[in-house]
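Below: one structure, written as structure tokens.
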Amino acid sequence: MILLYSINLNCSYSLVGFYMESIFKSPLCFIFSNVWEPCHLISELVYFPIILSCLIFLPRLKRSHLSGDFNCFPKMLPSQTYVNISFFQPHAFLMIGIPGHEAVHGWISIPFSSMYTVALTGNCLILLAVRKTPSLHQPMYYFLSMLALTDVGLTLSTLPTTLAVLWFDHRLIGFNACLVQMFFLHSFSVVESSVLLAMSFDRFVAISNPLRYATVLTNNVIIRIGIAIVARATVSLFPGPFLLKRLNFCPGKILLSHSFCFHADVMKRACADITVNILYGLYVVLSTVGVDSLLIFLSYTLILHTVMGLASPRERVRALNTCVSHILAVLIFYIPVIGVSMIHRFGRHLPHIVHALIAYVYLVVPPVLNPIIYSVKSKPIREAMLRLLREKRQG
């Protein structure tokens, strides 16, 4: 407080001196100064109220209003002020729905609402069906429950902001809220990739060594796999928000490319060097989705080798038929993931609507199609879901 008043006092005297030199040190005052001593007394009396006024009102002036001799303010302010001015983080980002189609967002929200409803209803039905049907308490359906639970989480990560933009044109999302959404969105994506890898391992064990299937994939092993999947996603994505919080953002670059927060999208709004963020994002993609896709491909190579060794064509078809649902789920997930990664890195010249549509396909379509695929291709799941619906209707 004392420092602040001393700064104001010094600046006040500088400002007052600027004016007083033109008034009391004029030639007329100089001539009579040796004759009329009260001239100095008058100057002191005039200085006092002006200094008092400066002490009261100068702190309220903006620095941009000061120039010339008034630069004593920036010279005497502490160095922390420069740090706060040079480092900027937006209070909120501005999201966007479907670029160029803002006028029809109300109509576009109808298919989006329908897809979100199907995704949540279908995956919740799978979870209830596996839980309430003792015959489905098997490793294959436990992994399917993990996939359904992940799809529910992925859907809930994007649903609030997407529908807020489409329904109410509420486009603002706080900076910290954006980082939280980004963490969960990418975490559930990594979890889904890991679950698909675990399901491919399940299919490999079931086809290559069916007699030891129940002894290899026990309940304890499945629980450990689930814990490892969650821990892997958490450890991989935990540094992301902190690497973004250290960046200096541009005040005028707060418009995102989607109605949710992507790491690649948010980091491009920074005015600082983002090399570390780019390398981190590349590492996460390669160490999770990249490794998982290679291991899934290896698993199906071994599965095909095992199936081709079967003598009966009917047994070959039957063995491969158990993998069809999982193969479709893998394709539905990995093709949009590859598309999103390529577009964010090499498709900067493409229209914004292409970026938006690919992102929506990546985040919305898999949770919608997975329960449909498994309910159609898996007879036990379909019957259990229909039984639940009948019980609900009767009750």
Are L156 and V368 linked, directly or through other ILVMFWY residues, by side chains that come within less than 4.5 angstrom of each other? yes

- Message: Please check this pair: side chain of S236 against backbone of A233, looking for a donor-acceptor N/O pair closer than 3.5 Å.
- Response: no

Paired with Y116, the side chain to side chain donor-acceptor pair (under 3.5 Å) test is passed by just one of T121, T158, T155, namely T158

*Evaluate the side-chain proximity of T133 to L128: yes if any heavy-atom separation is below 4.5 Å, no if none is.*
no

key: Aromatic ring pairing Y360/F260, orientation class (parallel under 30°, perpendicular over 60°, tilted between)   = perpendicular

Between the CZ atom in F201 and the CD1 atom in I303, the distance rounded to the nearest 0.5 Å is 10.5 Å

Side-chain heavy-atom pair L136, P380 within 4.5 angstrom cut-off
yes

Just checking, any donor-acceptor pair under 3.5 angstrom between side chains of D202 and Y213?
yes

- Verify, without hydrogens or angle tests, whether H101 (side chain) and P99 (backbone) share a donor-acceptor contact under 3.5 angstrom. yes

| Distance only, no hydrogens: is a donor on one side chain within 3.5 Å (strictly under) of an acceptor on the other, for R232 and T288? | no

ask   = Backbone N or O of S259 within a donor-acceptor pair of the T161 side chain at under 3.5 Å?
value = yes

Apply ring pair (Phe, Tyr, Trp, His ring centres under 6.0 Å) to residues H258 and F262 and explain how you reach the verdict. CA-CA 8 Å; H258 312 287; F262 268 139; 5.2 Å; yes

So the side-chain hydrogen bond (donor to acceptor under 3.5 Å, both in side chains) pairs with at least one residue in residues 267-283 (sequence neighbours excluded) are R246-N277, S257-R269, D265-R269, D273-T275

**Prompt:** Between F175 and F93, what is the ring plane arrangement, given parallel below 30°, perpendicular above 60°, and tilted in between?
**Reply:** tilted

**Prompt:** Checking R171 side chain against L94 main chain: does a donor-acceptor pair fall under 3.5 Å?
**Reply:** no

Output for pair (L154 CG, N123 CG), nearest 0.5 Å, gives 10.0 Å

Legend entry - Path from L127 to F143 over hydrophobic side-chain contacts below 4.5 Å: no

Students should find that the hydrophobic cluster of L211, defined by side-chain heavy atoms under 4.5 Å apart, otherwise consists of none

CD1 (I96) and CD (E102) are apart, to the nearest 0.5 Å, by 5.0 Å

Taken to the nearest 0.5 Å, the spacing of M385 CE from L125 CG works out to 4.5 Å

Check whether F249 and I278 end up in the same hydrophobic cluster, where Ile, Leu, Val, Met, Phe, Trp and Tyr are linked by side-chain heavy atoms less than 4.5 Å apart. yes

* To do: Check whether more than 12 heavy atoms from other residues, nucleotides or ligands sit under 6.0 Å from atom CZ of R382, and answer yes or no.
  => yes

Indicate yes or no: at least one non-hydrogen side-chain atom of L328 is less than 4.5 angstrom from one of V324. yes

So CG of L147 and CZ of F333: to nearest 0.5 Å the spacing works out to 9.5 Å

message: Is the shortest side-chain heavy-atom distance between L237 and F184 below 4.5 Å?
response: no

Donor-acceptor contact below 3.5 Å, side chain S375 vs main chain I372
yes

| said: With a 4.5 Å cut-off on side-chain heavy-atom distances among I, L, V, M, F, W and Y, is there a chain of contacts connecting M199 to V291? | reply: yes

Check your understanding: Is it the case that more than 12 heavy atoms not belonging to K132 sit under 6.0 Å from its NZ atom?
Key -> no

Of all heavy-atom pairs linking P241 and L179, the shortest is O-CD1, 3.9 Å

- prompt: Do H326 and L196 have side-chain heavy atoms sitting under 4.5 Å apart?
  reply: yes

Ignoring hydrogens and geometry, is there a side-chain-to-backbone donor-acceptor pair from H91 to G174 under 3.5 Å? no

Go through it in stages, so that I can follow the logic: the residues are L244 and M182, the test is side-chain contact (heavy atoms from CB on, under 4.5 Å), and I'd like the CA-CA distance, side-chain angles, deciding distance and then a yes or no.
CA-CA 11 Å; L244 287 174; M182 182 199 73; 3.4 Å; yes

Any side-chain heavy atom of V216 within less than 4.5 Å of one from V221? no

Quick one: does any side-chain atom of S293 pair with a main-chain N or O of G290 as donor and acceptor, under 3.5 Å?
yes

Hydrogens and angles aside, do Q181 and S157 bring a side-chain donor and acceptor to less than 3.5 Å of each other? no

Tell me whether the rings of F242 and F238 are parallel (<30°), tilted (30 to 60°) or perpendicular (>60°).
tilted

Check your understanding: Would a 4.5 Å heavy-atom cut-off, applied to side chains only, mark C178 and V266 as touching?
Key -> yes

From the list V340, I335, I338, I332, side chain to side chain contact (heavy atoms under 4.5 Å, CB included) partner of Y362 resolves to V340

inquiry  = The test is side-chain contact (heavy atoms from CB on, under 4.5 Å); show your working for V285 and H186 and say whether it passes.
reply    = CA-CA 10 Å; V285 170; H186 290 298; over 6 Å; no

_Set out, in order, the CA-CA distance, both residues' side-chain angles and the distance that settles side-chain hydrogen bond (donor to acceptor under 3.5 Å, both in side chains) for R203 and S299, then state yes or no._
CA-CA 8 Å; R203 290 298 85 208; S299 298; over 6 Å; no

Review point. Hey, does D151 have a side-chain heavy atom less than 4.5 Å from the side chain of I126?
Key: no

Side chains of Y334 and S193: do they bring a donor and an acceptor to under 3.5 Å? yes

H352, NE2: over 12 other non-hydrogen atoms inside 6.0 angstrom
no

Among the clusters formed by ILVMFWY side chains lying less than 4.5 Å apart, do Y141 and L149 turn up in the same one? no

